[in-house]
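The structure under discussion appears below in the form of structure tokens.
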Amino acid sequence: MEKRVRLRFAPSPTGGLHMGGVRTALFSYLFAKKHGGDFVLRIEDTDQTRYVNGAEEYIINALKWCGIEPNEGVGFGDGSYAPYRQSERKELGIYKKYSDKLIESGHAYLAFDTSEELDEMRKKLEAAKVVAPQYNAVTRQNMKNSLALSADEVSKLIESGAPYVVRLKVPRNEEIRFHDIIRGWVTVNSTQVDDKVLLKSDGMPTYHLAHIVDDIEMKITHAVRGEEWLPSAPSHVLIYRYLGLESEMPLLAHLPLILKPDGNGKLSKRDKSGLPMFPINWHDERTGESYIGYRESGFTADAFINMLALLGWNPGDNREILSKEELIKEFSFERVNKSGAKFDPEKTKWFNQQYLRMHTNEELANSVMPLLEEKGIKKDPTFVVEFCRLVKEKAHFITEFYELGSYFFVAPTTFDEKVMTKKWNENSKSTYSKLTEKLNALPTWTIDSIHHLFAEVEPELGKIDMQVVRVLTTGVAGGAQLFDMLALIGKEEVINRLNSALAKLQ
RNA sequence: GCCGCGUUGGUCAAUCGGUUAAGACGCCUCCCUUUCACGGAGGAAUGACGAGUUCGAUUCUCGUACGUGGUACCA
């Protein structure tokens, strides 16, 4: 029988979840859903010194907004493998149990070196021109550990209460080969792998031990994480092997990194393109810094998710706009790229624009209404719905709607100079005054009636320049469809605007 | 420094030894439009470099360069 597919997203609550992390969660989620499996949220809070208040809650809320909802885990309801916080799981004694097992089988050992002693060792080795100083098969003989010390000395140290860590005993010069679903076979020589700390002196496991123990205990079938973990994967393979569980090891998938749009390096917390790096607003209590989110920048969650999914993955055909259901249907790790992808702000905006157009005017109005109210604008829903219809074609963000169509609500005080200097002449005032009168005489005020009036009136009044009408009524050279816009603004307001504009102009 | 991973237009990318090397974003031109957009049609722009394997390499191998990640009692 095939094992039930189970994937986990396992962030550490050391800060806001950035978009790279969201993508990792997304890919895991898509794969789990595609195979009718489980998606678990596990919180890896083993480093109490870096714990940030509010980070865990943020992660949960961010996943919720994105629609990447675990069916099991912190914030989403316990399944059969609770608890889902490593700090709580430590109380179960599971990490200790596995670490003891490794010690008993001779694959791990106790190390009493203080951090000062470790620093000293590294300095000494550097001075001796050793390029990569590390705790390993050759250096451990000169350190304070249960392999170098006599049994007597070790038990004395333990009795005296000396703090110690548990380290993995990595063999010398051995080829470690493992398979990655995205990258294929990867081979590393164990000489490059150091004796990783498994259990810290405070009794907390490190990531290396903890995630393996939990993946085993939680029956995880696929371990998905960022490429930055690739170098430590050999250590993890060794742990599974020494535990006698290599054949049950989850399939590994190391995702390519998301890189900065310009220049080099991976995405940082802020980008000069102005686009957010976080899904929703993030305020770091510890540093006092705030970061804007995609949600608050006027992105829709479906657009954000779609954009992220296509950063490092594609469905194999030309489709770029895919719903969550389609993403689930099409997703596979085989189609994930190996190389890092530069984040493209322009394309990101384009994605949101596509989704903006797909949403109905009523849906958009629901999102836009509160934003208008913040500006002190109260309009009835039918007005806002029509406003959305007229503005959405040119908007990239919901938050742009007001800015893009402020003239719907506020009469102009200045008039686009470029247009006016080019198109306004001594005859204009009389022409547009007459036009105003004609408009004022219109018995009905609809898009069609306005349109017709403009067509009819030209032989009599001469050339009417639409852009001039636009500037007189809105002040700006660009904007929504002219007749539709005039219709929505309303007869009285349009006539007022024209009159006051004409009064100001010569 | 060492080790891992990567390298197709400016960016995202398809191709799984044989193509005029798709498509998308952005950019440019034209068309549509009595305004603004949308839309449509075109255009410029690409296999890092060097060897090898092969009848044939973007595709396989090696080297170089470049990029990126790791090198903690952090994840």
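Bear in mind that the values here come from a model prediction, so they are computed numbers and not experimental data. Chain letters run A, B, ... following the sequence lines, proteins first and then strands; every chain starts at 1.
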Where [X] and [Y] come nearest, the two heavy atoms and their spacing:
| X | Y | answer |
| --- | --- | --- |
| A/Met307 | A/Tyr294 | CE-OH, 4.4 Å |
| A/Lys349 | A/Leu275 | CE-CD2, 4.4 Å |
| A/Glu88 | A/Pro83 | OE1-CB, 3.3 Å |
| A/Asp284 | A/Arg286 | OD1-N, 2.8 Å |

Measure from the side-chain heavy atoms of [X] and tell me the nearest of [options].
| X | options | result |
| --- | --- | --- |
| A/Gln467 | B/rC25, B/rA75, B/rC36 | B/rC36 |
| A/Val188 | B/rG4, B/rA75, B/rC73 | B/rG4 |
| A/Thr206 | B/rA75, B/rU7, B/rC12 | B/rA75 |

When A/Glu456 and A/Glu320 are each assigned the nearest nucleotide of RNA chain B, the 5'-most assignment goes to A/Glu320

The answer to which of A/Lys463 and A/Arg335 contacts RNA chain B further toward the 5' end, by nearest nucleotide, is A/Arg335

Is any side-chain N or O of [X] closer than 4.0 Å to OP1 or OP2 of [N]?
| X | N | answer |
| --- | --- | --- |
| A/Asn318 | B/rA14 | no |
| A/Thr46 | B/rA75 | yes |
| A/Lys338 | B/rC16 | no |
| A/Asn337 | B/rA14 | yes |

Between A/Cys388 and the options A/Thr360, A/Leu356, A/Val368, the side-chain contact (heavy atoms from CB on, under 4.5 Å) test singles out A/Val368

Side-chain atoms of residues 160-167 of chain A: list all donor-acceptor pairs with protein atoms under 3.5 Å, sequence neighbours left out, distances to 0.1 Å.
{"unit_1": "A/Ser160", "atom_1": "OG", "unit_2": "A/Leu157", "atom_2": "O", "d": "2.7"}
{"unit_1": "A/Arg167", "atom_1": "NH1", "unit_2": "A/Asp195", "atom_2": "O", "d": "2.7"}

Base, sugar-phosphate, or nothing for A/Ser201, non-hydrogen atoms under 4.0 angstrom? base

Could you tell me whether A/Asp47 contacts a base, only the sugar-phosphate backbone, or nothing, with contacts defined as non-hydrogen atoms closer than 4.0 Å? sugar-phosphate

Stems in RNA chain B, runs of 3 or more consecutive Watson-Crick or G-U wobble pairs with both distances under 3.5 Å, sorted by first number, are B:1-7 with B:65-71, B:10-12 with B:23-25, B:27-31 with B:39-43, B:48-52 with B:60-64

### Query
Side-chain donor-acceptor pair under 3.5 Å between A/Gln86 and A/Asp45, yes or no?
no

Pairs: protein N or O with nucleotides 69-71 of chain B N or O, under 3.5 Å:
{"unit_1": "B/rG69", "atom_1": "OP1", "unit_2": "A/Lys266", "atom_2": "N", "d": "3.3"}

